[in-house]
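Shown next, in structure tokens, is the structure this report addresses.
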Amino acid sequence: MSEAIGAAPVRRFALDADGRRVAFAVLAAAALFAVGDLVHPGFAGAASIEAVALNASFVGLVAAGQCFVVLVGGIDLSIPWVLNGAAILLVTASLGQNARAGFAVALTLGMGALVGFVNGFGIAVLAVPAVVMTLAMNGVMEGLTLGLSGGLTCGACASYAPPVVRAAVNGGFLGLPAALWVWLFIIVAVTFVLGFTGFGRKTYAIGNNALASRLAGVNVRAITILLYMLSGMFSALAGIMLVGFGGQASLGMGTPFLFQSVAAVVIGGLDILGGRGNYVGVAAGSMSLMALISVLLAVDMPEYGRSILYGVVILLLLLAYGRNRAAD
Amino acid sequence: MSASLAAPARLTRVRRYLLHNLGLNLALALLVVVVALYCGVYFAQQGRFPGNFELTSTVDNTMPLVLAAIAQTLVVLTRGIDLSIGGMMDLTNALAAAHMKAGIGSMLGWSALILAVGAGLGLVNGLLVAYGRLQPILVTLATLSIFQGLAIRVLPDPGGAIPQAYTDALVNTSAPWALVYVVALALLWLGFRRSALGVALFAVGNDERAARANGIDVIRTKLAAYMMGGVFAALAGLVLAATATSGDATTGDGFTLRSVVAVVLGGVSLFGGRGSAIGAMAGAFITMMIVNVLFFTAIDPLYQSFFEGLFLVVVVVLGAVIGRRFRRG
């Protein structure tokens with residue numbers, strides 16, 4: 001956590017541990033496909049892996065935002081209704097017309113950024129605990145989404161995502177669905193930002209020790225606000241992709257993504273206290289999670305069994321590598 | 001500032017008391033404000049003040065959240081958080097609805113068994129947190145999923161039945177008898193806070209290392225906190241079943257987040273070691289009063305969570321500002 005330790009050896013050790021955790025997450029995904037192939041032959045085939053990856057891409061986008069804030073020891077509980085609000089905002093602002101698609105996408109991403117800004121401002125400037133601030137913002141967004149849409153799912157108001165957006169998500173490119181290309185691009189971009197820019201280094205520094213970072217001249221407030229803005233934008237982007245994928249928005253569509261994004265981040269080897277882990281692990285974590293869900297669906301596991309097994313698997317992974325150092 | 005210098009010693013002592021229990025005092029003050037607000041909007045709408053019926057139904061409806069908030073307080077004081085409270089309420093609620101029969105033996109037996117189940121579920125959380133050295137937020141997120149699954153296994157469809165006598169005993173709807181429970185719980189808390197375990201709980205939450213250095217068994221204290229949390233969550237599940245007179249394996253889900261809100265409004269610090277279950281109980285009543293106020297101000301119910309969220313942030317920010325002023329002034 002905040003133990004003062006020499007810089008150089010810790011960094012080497014941390015990278016090793018990080019590498020191990022990422023390897024764990026990738027191995028977990030591979031093992032799940034192998035097990036799935038045993039119980040349901042063909043599960044590890046190309047078509048099936050592609051389908052799992054497509055589902056994982058939506059979780060992966062949300063988890064990218066969650067990853068940014070968890071790296072500074074925060075958490076974003078406002079994801080469900082930011083995502084849902086974004087999906088509804090996109091279809092209502094675009095009216096399903098191509099001509100308005102660009103405007104609607106920009107507006108939706110801007111809304112995500114604005115919510116993230118409010119979250120970050122409350123947490124970094126007003127010193128509200130992240131759990132409280134983002135929980136409250138989730139309520140605010142829920143109320144606004146329900147109130148402004150009149151509580152209607154958009155099936156009733158017959159609004160669809162503009163054809164351009166749907167084509168952009170569902171279309172193929174070089175034999176892969178476009179959504180997967182978007183995710184690949186995000187994986188590369190987030191890894192680059194976290195690993196090779198000053199912004200990324202400052203993010204890790206804040207996660208390891210916010211006070212020391214501030215004393216070292218890092219603008220902790222600005223970076224924290226920026227990280228929450230990124231989380232809001234990634235939730236909004238996931239909302240856009242989901243509504244482009246399915247064509248319509250529905251109320252409650254964001255709810256599963258909170259649990260799944262936290263699970264992906266944890267399976268991916270991030271330390272929930274901050275400062276440790278990277279997005280490659282989180283992406284692998286999203287794949288593992290979706291592979292697990294698909295295996296359980298493939299063997300016709302009833303709902304209660306799936307719910308129990310999610311919990312058990314996450315506990316096992318936590319016990320494998322999520323433990324705090326022993327108390328001294 | 002100069003006034004406080006000249007002020008008599010007695011005033012300073014009063015201020016010191018207020019300062020030491022700032023979270024609790026702010027929560028109680030806020031409760032008075034929202035109750036007054038509620039009476040105001042009620043009077044404006046109905047032309048009379050709320051009476052016995054309103055008091056009884058409000059207290060009865062708030063009881064499950066009061067108990068869940070106490071469960072959350074016990075865990076939060078150790079610098080943890082319990083996201084599985086909703087799942088524990090689901091499971092205990094489902095068990096009661098699926099198995100409890102009329103007859104004093106069945107009612108008492110199943111109540112005792114269900115409370116023991118709650119202690120067991122809490123113990124699982126506690127073991128994973130204390131011995132497994134895992135983060136409470138992640139452990140309880142995982143066990144939440146497990147408990148929810150078990151609850152659906154016990155009671156696949158909403159239904160079952162709670163004996164009428166059980167409802168009458170736990171939730172008396174003719175008069176605000178539940179207030180007796182509230183007072184009893186508050187007295188229980190005052191006693192507990194001064195007990196060895198109560199002191200250990202605060203010590204562990206304030207500084208785990210210092211607590212260990214002073215001979216407190218940190219692991220046992222945490223296990224006790226999570227177990228007691230489980231018992232109170234089970235109690236909340238039972239009261240919820242008694243109020244609804246039937247069971248539902250998902251009815252407890254909302255209580256995880258609402259218990260966190262109640263605890264925060266009640267002035268319990270999420271960073272551990274500071275707070276009072278009495279404050280958390282006040283927090284539970286504040287959340288309920290806000291819902292009532294929104295109802296009577298004829299605000300579109302679709303906007304309800306918007307105002308609840310806004311209220312939460314404003315209260316937390318104002319509380320911090322007042323606290324800073326108080327300390328400086």
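In what follows, chains are A, B, ... by sequence order, proteins preceding strands, each numbered from 1.
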Note, B/Leu77 side chain near B/Phe202 side chain (heavy atom, < 4.5 Å): yes
Min side-chain heavy-atom separation B/Ser145-A/Phe259 under 4.5 Å: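 They are in side-chain contact.
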From CA spacing to verdict: side-chain hydrogen bond (donor to acceptor under 3.5 Å, both in side chains), B/Asn125, B/Thr143: CA-CA 7 Å; B/Asn125 285 333; B/Thr143 54; 2.8 Å; yes
Test side chain to side chain contact (heavy atoms under 4.5 Å, CB included) applied to B/Arg220 - qualifying residues, sequence neighbours left out: B/Asp217
Donor-acceptor contacts under 3.5 Å from residues 91-99 of chain B side chains, at least two apart:
| from | atom 1 | to | atom 2 | distance (Å) |
| --- | --- | --- | --- | --- |
| B/Thr92 | OG1 | B/Met88 | O | 2.8 |
| B/Thr92 | OG1 | B/Met89 | O | 3.2 |
| B/Asn93 | OD1 | B/Asp248 | N | 3.0 |
| B/Asn93 | ND2 | B/Gly237 | O | 3.4 |

N-O pairing of B/Lys222 and B/Glu208 below 4.0 Å: yes
Residue A/Val262 versus chain B: region with a heavy atom under 4.5 Å: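 Looking at A/Val262, just its side chain touches chain B.
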Under 3.5 Å, which donor-acceptor pairs do the side chains of residues 252-262 of chain B form with other protein atoms, sequence neighbours left out?
| from | atom 1 | to | atom 2 | distance (Å) |
| --- | --- | --- | --- | --- |
| B/Asp253 | OD1 | B/Gln148 | NE2 | 3.0 |
| B/Thr256 | OG1 | B/Leu83 | O | 3.0 |
| B/Thr256 | OG1 | B/Gly86 | N | 2.9 |
| B/Ser259 | OG | B/Gln72 | NE2 | 3.0 |
| B/Ser259 | OG | B/Phe255 | O | 3.1 |
| B/Ser259 | OG | B/Thr256 | O | 2.7 |

Between [options], which shows the greatest number of heavy-atom pairs under 4.5 Å with chain B?
{"options": "A/Leu126, A/Leu77, A/Leu309, A/Leu135", "answer": "A/Leu135"}
{"options": "A/Val128, A/Ile75, A/Leu144", "answer": "A/Leu144"}
{"options": "A/Ala263, A/Gly305, A/Gly147, A/Pro302", "answer": "A/Gly147"}
{"options": "A/Ile272, A/Ile314, A/Val313", "answer": "A/Ile272"}

Max heavy-atom pair count under 4.5 Å with chain A, selected residue of B/Leu150, B/Leu141, B/Ile152: B/Leu141
Residue selection (most heavy-atom pairs with chain A, distance under 4.5 Å) from B/Leu310, B/Val317, B/Leu144, B/Leu138: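 Most heavy-atom pairs within the cutoff with chain A belong to B/Leu138.
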Spacing of A/Leu316 atom CG and A/Ile267 atom CD1 [to the nearest 0.5 Å]: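 With rounding to 0.5 Å, CG (A/Leu316) is 11.0 Å from CD1 (A/Ile267).
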Distance in Å, A/Met301 CE paired with A/Ile293 CD1, rounded so as to fall on 0.5 Å steps: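 Reported value, rounded in 0.5 Å steps: 12.5 Å.
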Heavy-atom contact with chain A under 4.5 Å, split by part of B/Ile137: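 Contact with chain A is through the side chain of B/Ile137 alone.
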Contacting moiety of B/Leu312, where chain A heavy atoms sit under 4.5 Å: side chain
Positions in residues 264-272 of chain B that reach chain A, provided some heavy atom is under 4.5 Å away: B/Val264, B/Leu270, B/Phe271
Check: A/Asn138 side chain, A/Thr134 main-chain N or O, donor-acceptor pair, under 3.5 Å: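 Pair absent, no side-chain N/O of A/Asn138 close to backbone of A/Thr134.
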